[in-house]
Enquirer: 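One structure is given below, represented as structure tokens, and several questions about it will come after.
Proteins get letters first, then strands, A, B, ... in listed order; numbering begins at 1 in each. Side chains included, hydrogens not; waters and symmetry mates left out as well; all remaining heavy atoms used. Only a predicted model underlies this, so the values are computations on that prediction, with no experimental measurement involved.
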2 protein chains.
Amino acid sequence: MRATGKSRHKQTPLYQQISEEIVARINKGVWLPGDALPSEMALAEELMVSQGTVRKALDELTHRNLVTRHQGKGTFVTAHTAQRELFHFFNLTRDDGRKQLPTTKRIIGIENRRGNSDECTRLKLKPATRVIFIERIRELGKRSAIFETIVLPAKMFRGLGMNDTLPNELYQLYEQQYGVTIHKAVERIGAISADRNHARHLNVQNGAPLLEIDRLAETLDGTPAEWRRSQLNTISHKYIGEII
Amino acid sequence: MRATGKSRHKQTPLYQQISEEIVARINKGVWLPGDALPSEMALAEELMVSQGTVRKALDELTHRNLVTRHQGKGTFVTAHTAQRELFHFFNLTRDDGRKQLPTTKRIIGIENRRGNSDECTRLKLKPATRVIFIERIRELGKRSAIFETIVLPAKMFRGLGMNDTLPNELYQLYEQQYGVTIHKAVERIGAISADRNHARHLNVQNGAPLLEIDRLAETLDGTPAEWRRSQLNTISHKYIGEII
DNA sequence: GAGTGGTCTAGACCACAGA
DNA sequence: CTGTGGTCTAGACCACTCT
């Protein structure tokens with residue numbers, strides 16, 4: 001029950017209260033990713049509003065990619081699938097325009113250690129909090145193209161790295177094994193020169209230009225959950241941004 | 001008048017027909033950027049649908065950034081303002097997170113000539129069609145940071161370049177002087193090495209890493225209107241991409 | 001006050017999925 | 001067949017802007 005009776009004079013719109021309530025419940029795990037929500041009618045009855053108001057709330061959540069609706073079936077909490085990972089959280093395409101997920105070629109290392117100052121600041125952790133640190137090389141096609149450094153708050157991912165195999169799509173792992181759903185990410189992109197390490201792993205010359213993508217990913221409630229830096233060779237792939 | 005009477009059995013939804021009709025009219029120039037549309041009631045009456053259906057159509061156009069609505073005032077065709085240019089079509093921020101529009105420092109040249117093969121292909125023109133070619137240097141803060149190459153179809157911008165002053169916000173010029181409204185852009189981003197030309201104009205060493213943004217901008221009906229390549233120094237500014 | 005968009009409701013009918 | 005979401009309508013009331 002919500003919407004605090006009918007005391008809605010000059011407050012935030014009812015449908016926003018409803019959508020916030022639904023977000024809160026998803027956050028609390030009342031409905032897990034992939035689960036079906038109650039029907040519009042059921043929600044309307046429980047929350048004591050009209051069906052139209054519930055619909056408007058759900059439409060908003062649909063636009064925010066939080067739920068997915070299917071006529072005749074129901075409303076479902078959006079889950080991380082390979083599809084979603086590819087089309088929503090991966091912005092590299094081949095020069096012919098086709099998209100292609102990279103595959104992990106080699107994991108250079110996984111450590112569980114105290115985070116340094118940068119890491120704790122970016123992840124909004126107290127200084128010297130424990131983090132999980134992963135370095136890996138990813139392939140695009142048959143070319144080693146991406147050198148990736150990932151930093152995670154150890155508390156949110158207890159035990160990660162004990163079994164040394166990592167899947168290709170990390171966000172699915174986060175969601176299914178650790179209950180951490182990545183919902184939003186901000187990327188800051190610049191150009192850097194390849195150092196010896198890059199040169200060795202990516203088969204480029206020392207000083208070659210690389211694209212650096214610095215991505216901070218957050219959960220639904222805004223908690224930073226992953227800091228990822230990718231240095232990549234853009235000879236045959238480009239980063240895509242669309243402005244509409 | 002539209003919506004072809006009430007012969008709507010298993011067709012595209014009415015509200016989509018309405019929004020397409022409104023888009024078509026904006027395209028034809030019935031309402032120019034900045035103009036007010038008729039009120040919901042007026043549109044509903046003219047198009048013979050209910051106010052709610054017009055509302056749904058207008059909501060869609062609002063999400064597509066095609067119109068802007070203000071309670072108590074009306075519905076307006078979105079126009080290119082400096083604000084819009086900054087927050088919608090400019091993805092660079094300073095490393096402290098603040099946004100700042102670049103200023104034109106120097107125009108290296110403006111030519112009206114036949115397009116080469118690449119240029120005509122990207123702009124979907126017949127081979128050797130005339131284009132306007134602009135090269136300029138832009139400053140971020142006090143640093144010469146961006147080397148920019150712009151190619152335009154000469155037919156759409158007759159006379160541009162005759163008076164040698166160009167404003168900072170080109171998209172406003174396109175809209176106000178030539179009736180060309182940029183509505184969508186696709187950017188492909190990679191890393192390159194500075195050549196002698198870049199080194200001279202951007203005050204970097206030969207071979208320094210630069211970010212290259214290749215942007216193709218389109219009008220409302222999908223016609224390519226501008227091909228722009230920007231090579232920039234990302235020492236103190238980064239490209240921002242947000243994923244939600 | 002008159003006119004605009006914003007919210008909320010109630011009800012009818014359609015299209016789709018699954019038992 | 002039942003239940004789901006999708007479309008469309010009609011009407012009431014609120015909040016904001018301008019005159």
Enquirer: Quick one: on DNA chain C, does A:G72 or B:G74 contact a more 5' nucleotide (nearest heavy atom)?
Expert: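 Between the two, 5'-proximity favours B:G74.
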
Enquirer: Measure up the A:H70 and A:F76 rings against each other and bin them: parallel (under 30°), tilted (30 to 60°), perpendicular (over 60°).
Expert: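 A:H70 vs A:F76 ring planes: tilted.
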
Enquirer: Nearest-Å distance, CD (B:E40) to P (D:dA12)?
Expert: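 Nearest whole value for this atom pair: 17 Å.
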
Enquirer: What do you reckon, is NZ of B:K155 surrounded by more than 12 foreign heavy atoms closer than 6.0 Å?
Expert: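 Not more than 12 within 6.0 Å, no.
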
Enquirer: Do any side-chain nitrogens or oxygens of B:Y15 fall under 4.0 Å of OP1 or OP2 in D:dC8?
Expert: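 B:Y15 to D:dC8 OP1/OP2: no side-chain N or O under 4.0 Å.
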
Enquirer: Just how far, in rounded Å, is P of C:dG3 from CD of B:Q51?
Expert: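 After rounding, the gap between these two atoms is 14 Å.
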
Enquirer: Rounded off to whole Å, could you give me the CE-to-C1' distance for the A:M41 and C:dA12 pair?
Expert: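 A:M41 atom CE is separated from C:dA12 atom C1' by 12 Å.
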
Enquirer: For a quick test of reading the model: is some side-chain N or O of A:T75 closer than 4.0 Å to OP1 or OP2 of D:dG5?
Expert: yes

Enquirer: Look at the side-chain N and O atoms of A:R69 and state whether any lies under 4.0 Å from the OP1 or OP2 oxygen of D:dT4.
Expert: no

Enquirer: Send over the distance from A:Q71 CD to D:dG5 P, rounded to a whole Å.
Expert: 10 Å

Enquirer: Given atom CG of A:L43 and atom C1' of D:dT4, what is their separation to the nearest angstrom?
Expert: 13 Å

Enquirer: Between A:R55 and D:dG6, does any side-chain N or O lie under 4.0 Å from OP1 or OP2?
Expert: yes

Enquirer: Under 4.0 Å between a side-chain N or O of A:T53 and OP1 or OP2 of C:dT7?
Expert: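 Answer is no, no contact under 4.0 Å.
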
Enquirer: Measuring from atom CD of B:E226 to atom CG of B:L170, what distance do you get when rounded to the nearest 0.5 angstrom?
Expert: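 Reported to 0.5 Å precision, the distance equals 6.5 Å.
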
Enquirer: Name the closest nucleotide to the B:S50 side chain, picking from C:dT9, D:dT9, D:dT7.
Expert: D:dT9

Enquirer: Mind calculating the distance between CG (B:L14) and P (C:dA15) to the nearest angstrom?
Expert: 13 Å

Enquirer: Under 4.0 Å from OP1 or OP2 of C:dT4: is there any side-chain N or O of B:S39 that close?
Expert: yes

Enquirer: Please report, rounded to the nearest Å, how far the P atom of C:dG3 is from the CG atom of B:L37.
Expert: 19 Å

Enquirer: Would a line drawn from the ring center of B:F89 to the ring center of B:H80 be shorter than 6.0 Å?
Expert: yes

Enquirer: For A:T104 and A:R138, which I'm curious about, is there any donor-acceptor pair between the side chains at under 3.5 Å?
Expert: no

Enquirer: Rounded to whole Å, please give me the gap between NZ in B:K56 and P in C:dG6.
Expert: 16 Å

